[in-house]
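In what follows, a structure is listed as structure tokens, so that the remarks can point back to it.
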Amino acid sequence: MLKRILVAVDGSDHAHKSLEQALILAENMKQPASLLIVHVNPAISMNEPALGVDLEARIAEEGQHIIEPVTRQLSGRDIAYETLLIAGDPVNEICRVARERECGMIVMGTGGKGMLAEMIVGSVSHGVLKHAGCPVLTVK
């Protein structure tokens, strides 16, 4: 039985659609699954931080701007959820959190890139599909 669904969000329209699909899936189960909403801020490599800039505060602020619409979308729905803001490599972090929190499924949007662009720069959804230890539902 599916107890927890990880939903990866990044503020895109695809992420918004993937959250809606995860909600529908969770609500239509005999015992609704809980959602773990995850936003991963990509790791930033800087040799010298900019003067007067609190990088951690800026990252947290960006994460809150992405999570706020998510919580609005979840309000009024009878689904238990938790939000998690983390920093790091999105593919590794999504797969790690799904494994550690025993998620039975990952739901995420696709970036909508063409095949050539994906081959050159890769994509988070493609990386998660390759490395996840559970089923992955991608939403376009």
Side-chain angles (χ1 to χ4, degrees):
M1 177 170 46
L2 190 58
K3 293 182 181 180
R4 184 175 299 117
I5 301 170
L6 184 148
V7 184
V9 296
D10 62 3
S12 69
D13 286 339
H14 294 289
H16 173 78
K17 291 175 186 175
S18 67
L19 177 58
E20 189 58 37
Q21 289 302 309
L23 280 164
I24 291 168
L25 179 64
E27 288 172 336
N28 287 318
M29 299 178 69
K30 282 186 179 182
Q31 290 191 331
S34 66
L35 300 181
L36 177 59
I37 313 298
V38 177
H39 171 65
V40 181
N41 240 321
I44 299 172
S45 174
M46 295 179 63
N47 293 336
E48 292 183 34
L51 292 174
V53 175
D54 184 350
L55 193 56
E56 287 184 21
R58 293 286 301 259
I59 290 171
E61 183 180 328
E62 178 187 321
Q64 286 300 353
H65 285 297
I66 289 171
I67 292 297
E68 284 174 11
V70 168
T71 56
R72 282 195 301 272
Q73 189 175 352
L74 290 165
S75 71
R77 305 291 278 266
D78 195 24
I79 294 293
Y81 72 93
E82 176 184 355
T83 59
L84 184 60
L85 301 173
I86 50 180
D89 174 69
V91 172
N92 292 335
E93 292 302 311
I94 290 167
C95 293
R96 178 188 64 79
V97 170
R99 183 178 59 253
E100 289 178 0
R101 301 294 288 273
E102 299 177 351
C103 296
M105 177 180 279
I106 298 170
V107 178
M108 61 189 307
T110 60
K113 292 183 204 162
M115 189 165 65
L116 182 60
E118 187 173 311
M119 285 174 27
I120 294 169
V121 298
S123 76
V124 174
S125 59
H126 186 240
V128 171
L129 280 165
K130 284 176 58 177
H131 299 288
C134 64
V136 179
L137 172 64
T138 58
V139 179
K140 198 167 190 178

Does V70 belong to the same Ile/Leu/Val/Met/Phe/Trp/Tyr cluster as M105, with side-chain heavy atoms less than 4.5 Å apart forming each link?
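Looking at the clustering, M105 is in the same group as V70.
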Establish whether V38 and V136 are linked, either directly or via other cluster members, by ILVMFWY side-chain heavy-atom contacts under 4.5 Å.
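Per the 4.5 Å side-chain linkage, V38 and V136 are co-clustered.
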To the nearest 0.5 Å, what is the distance between [atom1] on [X] and [atom2] on [Y]?
X	Y	atom1	atom2	answer
I5	L137	CD1	CG	9.0 Å
N92	I86	CG	CD1	10.5 Å
H16	Q21	NE2	CD	10.5 Å
S34	R4	OG	CZ	5.0 Å
S123	K130	OG	NZ	10.0 Å
L6	L84	CG	CG	8.5 Å

Could you pull out the closest heavy-atom pair between [X] and [Y], with the gap in Å?
X	Y	answer
S18	A8	OG-O, 4.1 Å
G11	I66	N-CG2, 3.6 Å
I106	C134	CG1-SG, 3.7 Å
A22	V7	CB-CG2, 3.5 Å
G109	S125	O-CB, 3.8 Å

May I ask you to decide if L85's main-chain N or O and H39's side chain share a donor-acceptor pair within less than 3.5 Å?
->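 No.
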Query raised in the report: Quick one: does R101's side chain have a donor or acceptor within less than 3.5 Å of a partner on L36's backbone?
Result: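 No, the answer is negative, given that no donor and acceptor are paired below the 3.5 Å cut-off.
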Candidate pair L74 and L23, rule side chain to side chain contact (heavy atoms under 4.5 Å, CB included), full reasoning: CA-CA 8 Å; L74 290 165; L23 280 164; 3.3 Å; yes
message = If the test is side chain to side chain contact (heavy atoms under 4.5 Å, CB included), which one of T83, I67, V40, V107 qualifies with V9?
response =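 Testing V9 for a side chain to side chain contact (heavy atoms under 4.5 Å, CB included) against T83, I67, V40, V107 leaves exactly one candidate, I67.
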TODO: Might you confirm whether atom CD of Q31 has over 12 heavy atoms from other residues, nucleotides or ligands at distances under 6.0 Å?
DONE: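 Counting other residues, nucleotides and ligands, CD of Q31 stays at 12 neighbours or fewer.
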**Prompt:** Just wondering, more than 12 heavy atoms not from E68 lying within 6.0 Å of its CD?
**Reply:**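 Counting neighbours around CD of E68, more than 12 heavy atoms of other residues, nucleotides or ligands fall under 6.0 Å, so yes.
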Heavy-atom distance under 4.5 Å between the side chains of [X] and [Y], does that happen here?
X	Y	result
E27	P32	no
V124	D10	no
L35	L19	yes

Do the charged groups of E93 and R96 touch, with an N to O distance under 4.0 Å?
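Salt bridge: yes.
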